[in-house]
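Worth knowing before you read on, the calculation uses all heavy atoms, side chains too, and leaves out hydrogens, waters and symmetry mates. Here the structure is a predicted model, which is why all the values come from computation and not from measurement.
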Amino acid sequence: MELVCPAGSLNAFKVAVENGADAVYLGFRNETNARYFAGLNFNDRAAQKALTLARSKGVRLFVAINTFANELNADKWRQAADAAVDLGADAIIAADTAVLEYVSQRYPQQPLHLSVQASATNSGALNFYYRHFNIRRAVLPRVLSLPQVEALCQNSPVELEVFAFGSLCVMAEGRCYLSSYLTGESPNTVGACSPARFVSWEENNGKTDARLNGALIDRFEANESAGYPTLCKGRFHALGKRFHALEEPTSLNQEAFTLDPEWEKRLLEVSEGSQTTIGAYHRQWQ
């Protein structure tokens, strides 16, 4: 079993390494990674510092190039792959078949991991990516329940990685266009769901309105915790009532082992909606 942690900054990378991560993944400062937010991610110098730290502690470093390349500027994704190889990344995490093909042909010795963005949910898909691109690991979508993950483990040609904690989404990763519908930008291509530049907060008669590109996503009472306005997790009037029509803001927290109460307390402080679930098919709305 390997513990893999994300890092959006060099400080986060250090914390992950110091607290027992076996591997840490990072992204470059552009839309080639699915966590492209202002002030986060790594330039060449920071990435090199992260690698030096990882090597000194026996920790592996992965680079996520996991959004889908645009034909108009596909060179940016190829350049990111070149940079990851030059850096000495222990693995490249990718989803786009063009990126996978580029790396597997140009750098056949470079380990490739299939990103969760590829939405590989069955053994047929896993075998396809293994056969064509020689992937060594696949990250499974968070919409899979634990019994489904267990079934895949019996038939997968490669190692499997699952999320132990993290936000859930009503969509299978890599297939969501809700953000694109409202803002013209999708997490599949620009690396961010509901990009921050489209978000606004307005005080309205003692309540807080959260808007995305001008559209009202949610309205919070004065003493209510206000979540980030993503379209899928807003509250809307439907079927004669106002509720989370698509999905409640909930974080994944797999229960395959006994939790330390202090861990649970700290995780709840950063989980969406301050609530967790053990999987996609354990939600009230399903």
What distance do E159 atom CD and I135 atom CD1 have between them, rounded to the nearest 0.5 Å?
-> 10.5 Å
Of all heavy-atom pairs between L212 and P229, which one has the smallest distance, and what is that distance?
-> CD2-O, 3.7 Å
Please name the pair of heavy atoms, one in A21 and one in V59, separated by the smallest distance, quoted to 0.1 Å.
-> O-CG2, 3.4 Å
Distance in Å, Y130 OH paired with R136 CZ, rounded so as to fall on 0.5 Å steps | 10.0 Å
N73 vs E31, side chain to side chain contact (heavy atoms under 4.5 Å, CB included): CA-CA, chis, key distance, verdict | CA-CA 11 Å; N73 60 347; E31 63 269 33; 3.6 Å; yes
When rounded to the nearest 0.5 angstrom, what distance separates CZ in R78 from OH in Y102?
-> 7.0 Å
Non-hydrogen side-chain atoms of T183 and R197 separated by less than 4.5 Å | no
Do the side chains of V24 and K14 get nearer than 4.5 Å, heavy atoms only?
-> no
W201 and L216: same hydrophobic cluster, using ILVMFWY side-chain contacts below 4.5 Å?
-> no
If you draw a 6.0 Å radius around CZ in R266, do more than 12 non-hydrogen atoms from other residues or ligands fall strictly inside?
-> no
Hey, does the side chain of Y228 reach the backbone of S194 with a donor-acceptor pair shorter than 3.5 angstrom?
-> yes
Y129 side chain near T97 side chain, heavy-atom distance below 4.5 Å = yes
Connected via hydrophobic side-chain network under 4.5 Å: L51 and L40 = no
Hey, what do you get for CG (N41) to CG (L26), rounding to the nearest 0.5 Å?
-> 8.0 Å
Minimum heavy-atom separation for F220 to S225, with atom names?
-> CD2-O, 3.5 Å
Say you draw a straight line from CG of L160 to SG of C153; how long is it, rounded to the nearest 0.5 Å?
-> 5.0 Å
Residues E221, K207: salt bridge by 4.0 Å N-O rule = yes
For P141 and V116, work out which heavy atoms get closest and say how close.
-> CA-CG2, 3.5 Å
Hphob cluster co-occupancy, F128 + L152, side-chain heavy atoms under 4.5 angstrom | no
Run the salt-bridge test on R235 and E224 with the 4.0 Å N-O cut-off and return the result as yes or no.
-> yes
Where do W77 and T32 come nearest, in terms of heavy atoms and distance?
-> NE1-CA, 3.7 Å
Candidate pair L61 and F13, rule side chain to side chain contact (heavy atoms under 4.5 Å, CB included), full reasoning = CA-CA 10 Å; L61 182 148; F13 194 99; 3.7 Å; yes
Does the N66 side chain pair with the main chain of A95, one donor and one acceptor, at a distance under 3.5 Å?
-> no
In terms of heavy-atom contacts, P249 and K233 come closest through CA-CD, 4.1 Å
Should we count CG of N205 as having more than 12 external heavy atoms under 6.0 Å?
-> no
Check for a donor-acceptor pair, side chain of N33 on one end and backbone N or O of N30 on the other, with a separation under 3.5 Å.
-> yes
Distance-only polar pair, side chains of T208 and E203, donor-acceptor under 3.5 Å | yes
Between atom CZ of F28 and atom CG of L87, what is the distance when rounded to the nearest 0.5 Å?
-> 6.0 Å
Is there side-chain contact between S179 and C232, with at least one heavy-atom pair below 4.5 Å?
-> no
Check whether more than 12 heavy atoms from other residues, nucleotides or ligands sit under 6.0 Å from atom CZ of R131, and answer yes or no.
-> yes
N11 and S9: side chain donor to acceptor below 3.5 Å | no
Single-linkage hydrophobic cluster V199~L246, side-chain heavy atoms < 4.5 angstrom = yes
Any side-chain heavy atom of H113 within less than 4.5 Å of one from Y25?
-> no
Would you check if Q117 and N188 make a side-chain contact, meaning some heavy-atom pair closer than 4.5 Å?
-> yes
Count the heavy atoms of every other residue, nucleotide or ligand shown that sit under 6.0 Å from CG of D22, and state whether that count exceeds 12.
-> yes
Please test I217 against L182 for side chain to side chain contact (heavy atoms under 4.5 Å, CB included), starting from the C-alpha separation and ending with a verdict.
-> CA-CA 11 Å; I217 300 299; L182 195 57; 4.0 Å; yes
Give the intermediate values and the outcome of side chain to side chain contact (heavy atoms under 4.5 Å, CB included) for residues I92 and Y107.
-> CA-CA 11 Å; I92 291 175; Y107 306 106; over 6 Å; no
Are the side chain of D218 and the backbone of G234 linked by a donor-acceptor contact shorter than 3.5 Å?
-> no
Side-chain touch N134/S104, heavy atoms, less than 4.5 angstrom = no
Please indicate whether E150 has more than 12 foreign heavy atoms, meaning atoms of other residues, nucleotides or ligands, lying under 6.0 Å from its CD.
-> no
Between F62 and F163, is there a shared hydrophobic cluster once you connect ILVMFWY residues whose side-chain heavy atoms come closer than 4.5 Å?
-> no
Side-chain contact test, heavy atoms from C-beta onward, threshold under 4.5 Å: evaluate it for L114 versus L100 and give yes or no.
-> yes
